Amino acid sequence: GNVMIYNMKQLIKLLMAAFVLSLLPVVEMQGQANRVKPPTSNSTPAKPKPPKKPAKPTQPAKPTTPIRPSAPSVNTSPRADEVITVNGVSFKMIGVEGGTFTMGATSEQGSDVFIDEKPAHQVTVSTFSIGETEVTQELWQAVMGSNPSNFKGTRRPVEQVSWEDCQNFIRELNSLTGRRFRLPTEAEWEYAARGGRKANGHKYAGSSSIDNVAWYDSNSGSQTHDVATKRANELGLYDMSGNVWEWCQDWYSDYSSGSQTNPKGPSSGSIRVIRGGCWYYFAWDGRVSLRGVKTPSSRYYYLGLRLAY
């Protein structure tokens, strides 16, 4: 019995060994299948395939460009100077070629600037004409038949005229000449005082030294003087600084920072703009950017006008 049991155990061992040996080729083959063959020195490795590109997204429709209103038309053509005679009295109008400039507290004005000269801003003006000098007493007399001035002299500037008086004078002058004279706008006045397209960046109208171009409190002898007795500015305009303040057409208002084309000021107000300084005021009042104001009915012996069209 023992012999039979031993023989049975031996038979089982032999069968199990034969079964294990029969599995070795399969394991070997699976092992070889899982190995990566190293490239030979003469073989080029296969390039990996690039990843697939993502689907191209649908392009949104381009927004329609909004239609913007066209800029106001600006005439910048040169204009010739012109001499006009009224009842035997001649005066000269200087053509000012239109252009763009910085209005207000520009750098050359330094620390003299006042708050209402700010902010400096870009302004474009069309071509216009402006008087070579202030309106003289002889011209006012020729048109109106009277002379309201305190300091008498045919070639001195007319003074003691209100803004309303100036409108009456201009209406009569236009009736006599068939022209369309007016007061300059504040922007036109400053553009011309600075020298227009010929501007050299002066603090005063034609110079950075006020004594060269203006009658003011320190050199005037407390009175007005004949027009065109100081140096002209770059455009050939006299007394844009000093002698008498000059009325502008505009109602007074604060500046804004945006660029403007041919600004005319607000449609209403209580005070009108005056410019240029005068024989009675300090040097800083003759600066090209300084702004003065008076009520339209004001009359002073330092307040006159200059024509434009």
Side-chain angles (χ1 to χ4, degrees), residues 93 96 101 103-105 113-121 123 125-126 128-131 133-137 139-140 143-144 148-150 157-174 180-194 205 214 216 224 227 237 239-256 260-282 284-309:
M93 300 293 292
V96 181
F101 74 110
M103 185 173 182
V113 299
F114 290 89
I115 189 65
D116 67 347
E117 298 171 49
K118 300 177 180 180
H121 55 288
V123 172
V125 295
S126 296
F128 64 101
S129 294
I130 194 167
T133 70
E134 314 95 300
V135 170
T136 61
Q137 294 177 33
L139 178 57
W140 189 281
V143 173
M144 302 299 286
S149 303
N150 179 68
V158 69
E159 19 90 2
Q160 292 198 140
V161 291
S162 68
W163 186 91
E164 294 159 349
D165 295 333
C166 294
Q167 300 305 311
N168 292 332
F169 167 79
I170 289 170
R171 277 191 290 271
E172 188 64 25
L173 178 62
N174 287 343
R180 298 183 66 182
F181 291 104
R182 56 178 174 81
L183 293 175
T185 65
E186 185 179 19
E188 288 173 336
W189 192 97
E190 184 169 326
Y191 179 67
R194 287 178 177 273
Y216 67 109
T224 62
V227 300
L237 302 174
D239 301 328
M240 294 291 277
S241 292
N243 218 2
V244 291
W245 286 98
E246 301 173 14
W247 286 108
C248 291
Q249 185 64 30
D250 309 37
W251 291 108
Y252 173 85
S253 66
D254 291 335
Y255 286 158
S256 61
Q260 296 178 295
T261 298
N262 292 323
K264 293 180 171 57
S267 58
S268 63
S270 59
I271 48 179
R272 296 280 184 178
V273 175
I274 58 175
R275 285 301 201 108
C278 71
W279 62 268
Y280 183 68
Y281 277 59
F282 300 118
W284 66 58
D285 294 294
R287 296 180 297 104
V288 293
S289 64
L290 184 123
R291 313 174 73 197
V293 294
K294 293 293 180 187
T295 59
S297 59
S298 297
R299 296 187 181 99
Y300 293 97
Y301 56 1
Y302 49 73
L303 186 52
L305 77 152
R306 186 182 301 257
L307 294 169
Y309 69 77

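Because the structure is a prediction, the values reported are computed rather than measured.
The two atoms that bring P184 and E188 nearest to each other are CA-OE1, 3.6 Å, heavy atoms only. The heavy-atom pair separating W247 from C166 by the smallest distance is CD1-SG, 3.6 Å. Scanning all heavy atoms of the two residues, the minimum distance from S241 to A214 falls at O-CB, 3.2 Å. When all heavy atoms of L307 and M93 are compared, the pair lying nearest together is O-CE, 3.7 Å. W140 and D165 get closest at one heavy-atom pair: CH2-O, 3.6 Å. Closest approach of Y191 to V125, counting heavy atoms only: CD2-CG2, 3.4 Å.
Using a 4.5 Å cut-off on side-chain heavy atoms (C-beta onward), R291 and E190 make no contact. At a threshold of 4.5 Å between non-hydrogen side-chain atoms, the residues F169 and V158 do not count as touching. When side chains are defined from C-beta on, Q260 does not count as touching Y255, because their heavy atoms never get closer than 4.5 Å. Y252 has its side chain out of reach of R272: every pair of non-hydrogen atoms, C-beta onward, lies at least 4.5 Å apart. Considering only heavy atoms from C-beta on, Y216 stays 4.5 Å or farther from D285 through its side chain. Annotation: side chain of R194 is in contact with side chain of S289 (closest heavy-atom distance under 4.5 Å).
Residues passing the side chain to side chain donor-acceptor pair (under 3.5 Å) test with R306, sequence neighbours excluded: E246. Among residues two or more places apart in sequence or in another chain, the side chain to side chain donor-acceptor pair (under 3.5 Å) test is passed with Y280 by none. Under the rule for a side chain to side chain contact (heavy atoms under 4.5 Å, CB included), the partners of S253 that lie at least two apart in sequence or sit in another chain are P266. Here F114 pairs with D116, E117, W284, R287, L290 under the side chain to side chain contact (heavy atoms under 4.5 Å, CB included) rule; sequence neighbours left out. Every residue two or more places apart in sequence or in another chain was checked for a side chain to side chain donor-acceptor pair (under 3.5 Å) with D250, and none qualifies. Checked against side chain to side chain contact (heavy atoms under 4.5 Å, CB included), Q167 has the following partners two or more places apart in sequence or in another chain: W163, R171, L183, Q249.
With hydrogens and angles ignored, the 3.5 Å screen pairs no side-chain donor or acceptor of N150 with any backbone N or O of Q160.
With rounding to the nearest 0.5 angstrom, the NZ atom of K294 is 7.5 Å from the CG atom of L303. Remark: Y309 OH to L173 CG distance equals 11.0 Å, nearest 0.5 Å. With rounding to the nearest 0.5 angstrom, the CZ atom of F181 is 9.5 Å from the CD1 atom of I170.
The only member of L139, V244, T133 that meets side chain to side chain contact (heavy atoms under 4.5 Å, CB included) when paired with P157 is V244.
Taking the six-membered ring wherever Trp is involved, the centroid distance between the rings of Y301 and W279 falls below 6.0 Å.
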Between E159 and E134, does a side chain to side chain contact (heavy atoms under 4.5 Å, CB included) hold up when you go through it step by step?
-> CA-CA 10 Å; E159 19 90 2; E134 314 95 300; over 6 Å; no
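Both tests do not hold together for R275 against W245: distance to the six-membered ring centre under 6.0 Å, angle to the ring axis within 45°.
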